[in-house]
Amino acid sequence: MTSSKRSQGINLSRMRKYFAPRPIAIGVTAIMLSACGDKQEATIYTNADDCADANPGQEAQCKAAFEQALADAERTAPKYKSMSDCEYEFGYDRCHAVNNSSGSFFMPFMAGYMLSNLLNPGPYYSQPMFTSYSRYSPYRNQWITTDGRNYGSLSNRHYRVDKDVFKPKPTVNRTMKRGGFGSSVRAKSSWGSSSRGGWGG
Amino acid sequence: MFRIPITPRAGWQQQARDFGFHFHTMYGEPYWDESAYYQFSLKQIENDLEDPSADIHQMCLQVVDEVVKSEELLTKFSIPQAFWQPIADSWFRQDPSLYSRLDFAYDGKSAARLYENNADTPTSLYESGFWQWLWLQGQVNAGLINRRADQFNSLQEKLIQRFAQIAQHYQLNQMHFACCQDTDEDRGTVQYLQDCAAEAGLKTDFVYIEDIGLSEDDYFTDLNDSVINSLFKLYPWEFMQREEFGQHIERASINWLEPMWKSVLSNKALMPMLWKRFPNHPNLLPAWFEDELSKADCSQLVKKPIFSREGANVSVIKNGETVLAADGPYGEEGFIYQAWHALPKFGDNHTLIGSWLVNDQPAGISVREDKSLITQDMSRYLPHVIL
């Protein structure tokens, strides 16, 4: 064919769509961190009691760090439009619905939190940790953070990590309100019988 | 131009599943119909559809240039006053456009006649750019269609090139894409555009129109609270401009696809304007605004809402009486009138040609059939070849 009037080649692998459901966003993109931070000891605890058991006399710190990690988890965890998509990635009964100022979605339960510098003077550090129980997930039985770092098997609890890993994960913006677009199509799609619900032409 | 029956490809439904084409059947009725195809000659494609599409697009742009500078015309186009300046700005900045679809009545013999310009949110893009391309490949390999057969369809190639140009223009490496919830067809169309953008090297993020958020400093955000800087929205400007977040559009300073000047290009008030500026053009149908109906010198008219989708609220008026009407929720912003010109019939089917443009380049056609004279959203999509 000398001068074809159709696309010459199409990347079929790009077009193939039979794949696992993907989350709306996988965590929050990590800030690019310098690699030269000091290593420090860090431990993962599954909850505040777990922490307190290992650190007698630090109950209040353990609890405060846990609450901080929970708050960070809600802000930075992967969010899904449906429970089934979330459970596909994290396992049955491992997700919960969240309604907050950013909207309604589904996210995994925090599986634990990583703590560092609890017993030393100066500030301590915490961050939420997640894991998956789904056989479809590459993170099955691994400790992962919301920026996608994998800390290996759930049986590991003690690490030497860069201070940088505790830097706050960014929430780019605070969303005050949602749902300000889409009212016209709601009004119009309730109309008539043959309409497919969309409004594209 | 012929309609030719053919055996559907074995296992095409499985292939549709693999490629994520989920809306080939809707409400139990076939939408993608490969029990037949249309055959055109190269001359028909190039002389009767491709060249006129390029010309008409330029004529439409001339009208846009006139409308954005006229308060009187912007009023006639039912564009909210708050957007007159932003629309003019987007036009004079020459914000890049992505694609549009011109709908024609064409029978293979006489000049194609323009029904309307879907310049803001056209669908059936995936079926056109990818799925009918794959169909031709399959049928040629199966030996059912001549190996020399071609197709007027460089859509995917041109969309990828265009995304690369737009990325260059705005210096982007990422773009957001949005459509409404609960529609496989719109989501499929947007996914296709995401695939084309990704092929052009862009990172793509998706958010439903209903989920778009407004941040405390007046940016739009996705569900991850990330700021939306560039947005392809499969959602019409005329809705956005009238909705709650419409007042925040300007401050959100987004690179929009389609750009805001498309609210003029996609407006049906364009049709009477075209007829005024290019009277008796062979590819145009006579058209009038409501207040000039007395000048309408033909006995049968089509009445169309200024804003509407998929034939909704279109009615046919003969000697002042409505003889055929399609229901719908549109029309509150007024109507335009177009001379009646029937779709050609192939067998029992009324056939409509969609002629695609990527920016200002003709890029292919789609063929849709309907049992009714008004092409509605339940019409079927048929592939085509050039031979």
Side-chain angles (χ1 to χ4, degrees), chain A residues 1-12 14-19 22-29 75-81 101-105 170-201, chain B residues 17-20 26-27 45 118 121-123 129-130 133 136 148 150-157 180 182-183 185-186 189 195 198-199 205 209-217 219 221 223-227 234-236 239-240 242-245 248 309-310 327-330 376-378 386:
Chain A
M1 211 169 311
T2 48
S3 71
S4 168
K5 296 199 82 68
R6 68 182 191 274
S7 299
Q8 288 307 290
I10 284 181
N11 177 358
L12 290 181
R14 164 92 61 200
M15 303 306 294
R16 203 167 283 280
K17 285 295 170 313
Y18 196 59
F19 50 38
R22 286 181 298 183
I24 296 163
I26 304 165
V28 176
T29 317
R75 195 171 57 83
T76 60
K79 299 172 178 69
Y80 295 81
K81 281 298 291 177
S101 59
S102 304
S104 307
F105 30 78
T171 313
V172 177
N173 233 274
R174 230 173 104 209
T175 299
M176 308 304 285
K177 200 172 187 187
R178 295 192 190 278
F181 283 129
S183 58
S184 308
V185 74
R186 263 196 306 283
K188 295 197 195 289
S189 65
S190 61
W191 198 97
S193 54
S194 81
S195 168
R196 286 200 298 256
W199 42 271
Chain B
R17 203 192 70 154
D18 290 351
F19 282 102
M26 289 191 269
Y27 297 92
I45 291 289
N118 298 286
T121 60
T123 51
F130 178 65
W133 186 93
L136 177 59
R148 287 186 297 107
D150 197 1
Q151 194 170 68
F152 182 29
N153 179 16
S154 55
L155 257 177
Q156 185 154 341
E157 210 165 76
C180 285
D182 305 321
T183 150
E185 188 189 7
D186 289 1
T189 303
D195 290 340
E199 197 68 17
D205 292 293
I209 290 283
E210 295 90 337
D211 286 338
I212 289 175
L214 181 69
S215 77
E216 51 195 343
D217 35 13
Y219 291 107
T221 59
L223 271 186
N224 199 31
D225 281 358
S226 293
V227 170
L234 193 64
Y235 194 64
F239 288 177
M240 296 184 64
R242 288 167 170 79
E243 289 173 351
E244 190 193 341
F245 279 2
H248 301 283
R309 298 279 166 267
E310 304 271 10
D327 294 333
Y330 299 96
Q376 291 247 39
D377 54 5
M378 291 311 291
I386 307 171

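The chains referred to below are lettered A, B, ... by the order of the sequence lines, with proteins before strands, and numbering in each begins at 1. Being a predicted model, the structure only gives us computed values, none of them experimental. Both backbone and side-chain heavy atoms feed into the values below; hydrogens, waters and symmetry mates do not.
Rounded to the nearest 0.5 Å, atoms CH2 (B:Trp133) and CD (B:Glu157) are 9.5 Å apart.
Of the atoms belonging to B:Leu136, it is side-chain heavy atoms, and not backbone ones, that fall under 4.5 Å from chain A. With a 4.5 Å cut-off on non-hydrogen atoms, B:Ile212 touches chain A through its backbone and its side chain both.
Using a 4.0 Å cut-off between a side-chain N of Lys or Arg and a carboxylate O of Asp or Glu, A:Arg178 and B:Asp225 qualify as a salt bridge.
Among the candidates B:Glu199, B:Glu244, B:Met240, the residue making the largest number of heavy-atom pairs closer than 4.5 Å to chain A is B:Glu199.
A:Gln8 places a side-chain N or O within 3.5 Å of a backbone atom of A:Arg6 that can act as its donor or acceptor partner. Of the possible donor and acceptor atoms, none in the side chain of B:Asp195 sits under 3.5 Å from a partner among the backbone N and O of A:Met15.
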